[in-house]
Structures are given as structure tokens and as C-alpha cells.
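Working notes for the structure below.
Side chains included, hydrogens not; waters and symmetry mates left out as well; all remaining heavy atoms used.
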Amino acid sequence: MSVPRDAAARAETLRREIERHNHQYHVLDRPLVTDAEYDGMFRELQDLEARYPELLAPDSPTQRVGAPPGEAFAGVTHRAPMLSLNNAFGDDEVEAFDRRVREALGKDAVEYAVEPKFDGLAVSLVYERGVFKLGATRGDGYTGEDVTANLRTVRSIPLKLAGQAVPALLEVRGEVLMQKQEFDALNRAQRERGEKEFVNPRNAAAGALRQLDSRVTATRKLAFFSYGVGAADGTPGFARHSEMLDYLAEFRFPVAGERAVVKGMAGLLDYYRGIGEKRQRLPYDIDGVVYKVNDFAAQERLGFVARAPRFAVAHKFPAEEAMSEVLAIEVQVGRTGALTPVARLKPVFVGGVTVTNATLHNEDEIRRKDIHIGDTVVVRRAGDVIPEVVRVVAEKRPAGARPFSMPERCPVCGSKVERLEDEAAARCTAGLYCPAQRKQAILHFASRRAMDIEGLGEKLVDQLVDKGIIETPADLYRLDAEGLAGLERMAEKSAANLVEAIGRSKRTTLARLIYSLGIRNVGETTARDLALHFGDLEPLIVADEDALKRVPDVGPVVAKSIAQFFAEPHNRKVVESLRGAGIVFERVSKPPPKSGVAGKTFVLTGTLPHLTRDEAKERILQSGGKVTGTVSKKTDYLVAGADPGSKHDKARELGVTVLDEDGLLQLLGEKA
DNA sequence: GATCCTCGAGTTCT
DNA sequence: CTCGAGGATC
């Protein structure tokens with residue numbers, strides 16, 4: 001059946017009209033027709049498409065209601081990497097940025113394009129000959145996920161470009177987010193349905209974007225704002241960033257209404273303060289503002305450092321603080337028996353999540369901050385992740401507030417607690433007789449960097465130890481599916497998986513085995529050093545303190561912990577039964593020193609395009625290099641991926657050579 | 001003996 | 001990530 005020409009023409013007209021009204025409504029916030037009129041057009045188009053399926057095109061607005069679930073998302077390699085921005089906290093860091101830019105350009109005052117920094121999810125939209133073809137998440141900056149079907153449901157994203165010369169290729173970069181109003185409505189609905197509420201608009205948007213069923217995404221009313229162009233072919237030459245945004249706006253892409261062009265440092269700070277004041281009233285969440293050198297020729301001259309442009313910076317708002325109340329201070333027992341006080345807080349929403357716990361580190365810390373139970377405290381998410389009690393609000397201390405004192409007996413096993421003269425931590429003296437320490441020892445043994453037993457988590461270890469099924473790590477190798485039956489959350493399948501994972505862990509390396517024993521003061525690095533030096537388990541077990549001190553980086557304290565560990569009959573027995581269980585390990589041989597890497601010290605930061613950080617570390621070690629965690633004068637190379645943190649700034653300060661993944665691979669001789 | 005650099009250990013929430 | 005402390009270096 002062929003499609004009558006007038007039907008095709010009518011469908012085309014309807015699509016254009018509907019998209020125009022979408023734009024008026026969702027982007028400009030100025031509807032020209034009533035909702036009923038809009039619905040009428042929409043239904044007419046749907047009818048036409050139902051009658052003549054040939055008319056149905058992926059760029060039709062009717063497709064915005066979503067399609068049934070597809071497969072899992074396919075990976076998409078970005079045509080041009082989606083880089084991240086360096087962050088500036090505080091005026092001084094912005095000043096430093098502006099100074100670097102001025103010096104590099106030889107100008108007194110630079111013109112900047114400025115805009116709010118949306119707290120959403122970065123996406124890339126690819127238009128081929130004006131038709132929306134591919135939408136992808138940012139992912140690690142190099143590869144993202146294909147979420148085209150979901151993005152198609154976002155009303156403010158044009159499905160087809162019109163109104164000016166359409167380029168052969170246009171990749172629009174922007175942010176998908178959920179406006180505050182939609183977020184509130186969504187949570188109200190979730191509450192009424194008795195379903196879980198979302199913690200913040202960002203998470204709600206992320207959840208919606210990762211729906212396998214785009215019909216669900218369609219109901220979530222996501223918004224989109226564009227801020228740049230990635231790959232392009234056939235676009236006019238822009239002289240300025242602001243012109244490029246005008247061009248996008250002309251194509252009906254939503255662009256931040258708050259965007260502006262300012263001049264010099266004073267202009268930047270004025271803008272920052274202005275947006276800061278408006279922040280609460282904006283319809284969406286933002287976490288700072290972005291400054292970009294407006295002139296493209298200047299941008300090009302400035303270029304990139306590692307993975308971030310030198311011509312732009314994100315000026316972040318300070319970490320959000322909130323007030324809460326210390327309901328109680330509980331004490332946790334760690335692997336080494338260290339007692340750590342943890343504040344149980346009245347749940348408080350800060351920095352995008354609800355915080356209920358915060359570590360107080362030790363007794364001295366509590367005294368220093370003078371924290372009482374019942375106090376009102378200021379809470380912040382330090383480094384944007386770990387909650388921290390900043391200070392006590394002294395005026396609000398209730399009459400009944402009680403000071404904290406470290407218990408004299410272990411809260412888990414009741415043994416004596418002891419605090420050595422020169423140590424900050426109080427410790428339970430029961431050692432492995434304390435169930436808490438026994439559990440932690442087993443968890444450490446099974447952890448990823450140790451024996452890597454997948455599926456053996458805290459809940460399971462709790463049950464296994466509490467029921468007396470296992471006492472030591474060695475007992476794990478005697479478990480079978482029957483022994484696991486009857487435990488909570490342990491059906492046949494998971495039991496079989498666990499037994500299989502335990503079996504797999506028998507093949508390991510000497511370094512991992514030593515590390516997994518959980519000897520005090522022996523972490524991953526020291527375990528490696530020991531493995532390399534002794535080559536086998538036996539000589540390590542019998543080594544005395546003097547022999548141990550001959551190992552590089554092992555001094556009197558570490559030597560003593562090791563000797564003490566193996567002097568303990570219980571530990572020897574565990575090691576013996578581990579061997580009996582059939583653990584086999586590779587001997588370690590000295591790595592063949594490769595020129596360029598051997599003897600050099602590396603620091604890794606950010607997400608690399610292909611390797612994980614662990615893989616990169618492994619390769620460097622294999623080639624005789626060293627990997628440390630902090631940048632210092634002794635660092636030879638910083639390997640930086642996407643989203644580098646503070647280490648990158650430090651490296652720049654110290655003039656440390658910064659490599660990207662390619663550079664590292666070249667150095668390793670794995671790439672021409 | 002002082003200083004700098006690393007390592008180890010502990011921690012939150014999704 | 002951050003703190004505390006062990007080890008190396010001068």
C-alpha cells in the first residue's frame with residue numbers, strides 16, 4: 001500500500017508544528033497553543049503514522065513517548081573525546097587561572113563566555129544531515145553508552161534541525177538533568193505509590209537515562225541544555241564560543257538563559273556572586289559556574305594540558321554544609337583491633353546524599369572538636385565524598401549533652417582495651433579471639449587485592465563466623481555447597497558460585513598470599529617487597545628480625561610485626577592449613593628492567609581510556625617501575641586520565657611530566 | 001635529629 | 001581521601 005501524497009504532506013506539517021510547539025513550551029517557556037490543541041495535533045499524527053507505517057520515522061515527535069525495552073546499552077566511542085574541566089575552589093584559584101590565561105595570551109583583560117555548571121549528566125548528540133542519529137552518555141570521556149532511544153524522549157532535544165543551513169555532521173554536547181519541580185513531583189508520585197524516593201535530581205536523571213524501557217524515561221520529563229560542539233562538518237566558522245551557542249540556539253537547542261560574556265577577573269567574580277545569589281531560585285541544580293575564553297583563536301593558542309583544556313575552568317561552589325545532631329557515638333572494631341568512634345547522626349541531606357554516619361577517627365579528635373552526644377554539629381562531605389563533622393555549634397548544646405569516653409572493654413568481645421602511649425588508637429587486646437577482628441581478618445583475606453574471592457561479603461562472613469561454621473581464612477577452603485545451605489541469601493546458585501570463587505582463589509601469587517594474611521604494618525607494597533626478597537613462603541616464615549630488616553623499606557617496626565606474626569602458633573597453623581588446602585602461587589622473579597620505566601616513580605590519576613588504574617599499575621610494576629599515591633618532588637611521571645583530581649594541580653606546580661595513557665604505553669614500549 | 005616521602009589503615013554511600 | 005606513623009636520607 002502506498003501512502004497518499006496529502007497524508008505524507010500532512011504528517012510532515014504536523015511534525016514541524018509539534019516540534020515548534022515543543023520548543024516554545026519546553027525551551028522558551030512560552031506556549032502558543034493550549035494543551036488540548038497540542039494533544040489534538042499529536043493524536044492526529046499518531047493516527048496517520050498508525051495507518052501508514054511507512055511514514056513513521058525515528059525523528060517523528062511521536063517517538064518521544066518511548067519504545068519498548070531494548071537490549072542492554074551498546075558502547076559508543078566518542079568521535080572526539082569528551083574532556084573534563086579543571087576545577088577551581090575559591091577566588092585565588094580563579095585568579096591563578098586568569099593570570100595564566102593573560103600571560104599566555106599577552107593581554108590585560110580577557111573576554112570570557114560564562115555559564116552555570118549544571119549538575120546533571122553530560123551527553124553527546126550526533127546529528128547527521130540534520131537528523132538526530134545517536135545520543136550517548138559521557139562514560140569515561142572516551143567511550144559512553146548508546147542511550148539514543150531514551151534521549152529521543154527528551155522534549156527539548158530537537159529530533160530534526162531546521163531554520164538555517166544544516167551541517168553534514170553536528171555533535172552537540174550538553175547536560176541532561178531533571179528540573180527541581182519535576183523532581184519534587186516525581187518523588188511525590190513515588191511516595192504515593194509507596195516506592196523508593198530519589199535522593200536528588202541528578203540521581204533521578206541518571207536513573208531515567210539508564211532505563212532499558214524508554215517509555216519509562218518518557219514519563220520522567222528530563223531537560224537538556226547544550227554548551228558546546230564536538231565533532232562537526234559543514235558548520236560555519238565561529239570566531240567565539242558565544243557565537244557557537246547562538247548558532248545552537250538558532251537550531252532550537254536549549255542554552256542556559258544565564259549565559260553571559262564578561263571581561264576580566266572582576267567580570268568573572270561578579271558573575272559568580274550573581275549566580276550564587278540566584279542559585280536557590282534557579283529551576284535546576286548547579287554546582288558552580290564555567291568560564292571559557294571566548295575567542296576561539298585564543299582557545300587554540302592555549303591548548304590542552306593532559307586531559308583538560310587550559311582555556312576553561314569550572315568555578316565550584318564551596319562544599320555544602322548542613323546542621324545535624326549527634327544521636328550517639330558508637331564504637332567499631334577494625335581488623336587490627338583499633339576502636340573507631342562513629343557518630344550516628346540525625347539523617348541530614350547534604351551535598352546530594354543523606355548522611356547518617358560520620359567517622360570521628362579517635363578519642364583525641366573528639367576532644368579537639370569537643371563533641372558531646374546530643375550536640376548540634378555542622379556536617380560536610382569532605383572531598384565531596386566522605387562525611388565529616390566540621391565543628392560543634394556550641395550555643396546549641398543541650399543541658400543533657402554527655403561527653404564521650406572510650407569504653408574500657410571491647411564492645412564486641414568484652415576484652416580489655418588498651419591505648420599505647422604514643423598511639424592515637426585504642427585497641428581491643430583479644431586479637432583473633434575477638435569475633436570482630438576474626439571477621440575483619442577473613443574479609444581482608446577475601447578482598448579483591450588479596451585472594452579476590454568474589455561474593456564473600458560482610459553479611460555472609462557475619463553468618464559464617466556467628467554460626468561457628470568457620471573460624472579462620474583457611475576454613476573457607478573446607479566449605480562446600482551443603483555447608484552453605486540454610487544461610488540467609490544463600491540459595492543453591494549463589495552457594496555454588498561462592499564455592500567456585502573460593503576454589504578459583506587457590507591460584508594466586510606469593511605477594512597476594514602474604515598480603516592476605518593481614519600481618520600488621522604489611523600492606524600491598526610491603527608484601528610485594530617481601531615476596532620479591534624471599535621468593536617463597538618458607539624462608540619468610542623462619543626469618544628473624546635481622547633477616548627481615550635486610551628487605552628494602554622494612555625497618556625495626558615492620559620486622560617486629562612480621563616476626564611476631566609467625567611466632568604465634570595459631571598463625572603458623574593457619575598458614576599450614578592454607579598450604580594443605582592446595583594453594584599454589586607463582587614465584588616472583590625480578591622484573592626485566594625496561595629502559596624508561598625501571599626505577600622511575602609514577603603516580604596515577606583520573607580515568608584512563610582503556611586500562612583500569614590497577615592494570616596500569618601492574619604493568620608499570622612489571623617493568624620495574626614504582627607506583628605511589630601522592631605527587632612529590634620524587635615523582636617522575638604523572639599518568640593522567642579523564643577527570644584528574646588535585647594530583648594534577650600538584651604535578652603542574654612541581655613541574656612533573658604529565659603523560660596520558662598513550663604516553664605511558666609508549667614508555668612501556670607497547671606502542672610505537 | 002629533622003625532614004621528606006611513602007605506606008598502611010580506616011571510612012561513606014550508592 | 002586523609003591521617004598517622006614507619007623508613008630513608010641528609
Does A:Val558 reach the side chain of A:Val551, with side-chain heavy atoms less than 4.5 Å apart? no

Listed by chain and number, what are the side chain to side chain donor-acceptor pair (under 3.5 Å) partners of A:Thr217, not counting sequence neighbours? A:Asn150

Distance check needed: [N] [atom2] versus [X] [atom1], whole Å only.
{"X": "A:Glu363", "N": "C:dG4", "atom1": "CD", "atom2": "C1'", "answer": "16 Å"}
{"X": "A:Lys549", "N": "C:dG6", "atom1": "NZ", "atom2": "P", "answer": "14 Å"}
{"X": "A:Asp364", "N": "C:dT2", "atom1": "CG", "atom2": "P", "answer": "20 Å"}
{"X": "A:Asp529", "N": "C:dG6", "atom1": "CG", "atom2": "C1'", "answer": "13 Å"}

What I want to check is whether the side chains of A:Glu618 and A:Gln622 have a donor and an acceptor closer together than 3.5 Å. yes

Rounded to the nearest 0.5 Å, what's the gap from CG on A:Leu360 to OG1 on A:Thr340? Could you check? 10.0 Å

Reading nucleotides 1-11 of chain B from the 5' end, what letters show protein touch, with B for base, S for backbone sugar-phosphate only, - for no heavy atom under 4.0 Å? ----SBSSSSB

Below 6.0 angstrom between ring centroids: does that apply to A:Phe183 and A:Phe198? no

Testing B:dT14, B:dC13, C:dG4 for proximity to the side chain of A:Asn357, the answer is B:dC13

Nearest to the side chain of A:Thr356, heavy atoms from C-beta on, is which of B:dC13, B:dT14, C:dG7? B:dC13

Comparing A:Gly555 with A:Arg368, nearest DNA chain C nucleotide closer to 5' gives the residue A:Arg368

Quick test of your reading: applying side-chain hydrogen bond (donor to acceptor under 3.5 Å, both in side chains), list the pairs with at least one residue in residues 425-434 of chain A, sequence neighbours left out, ordered by first then second residue. A:Thr336-A:Arg427, A:Glu423-A:Arg427

Can you find a side chain N or O atom of A:Asn362 that sits less than 4.0 Å from OP1 or OP2 on C:dC3? no

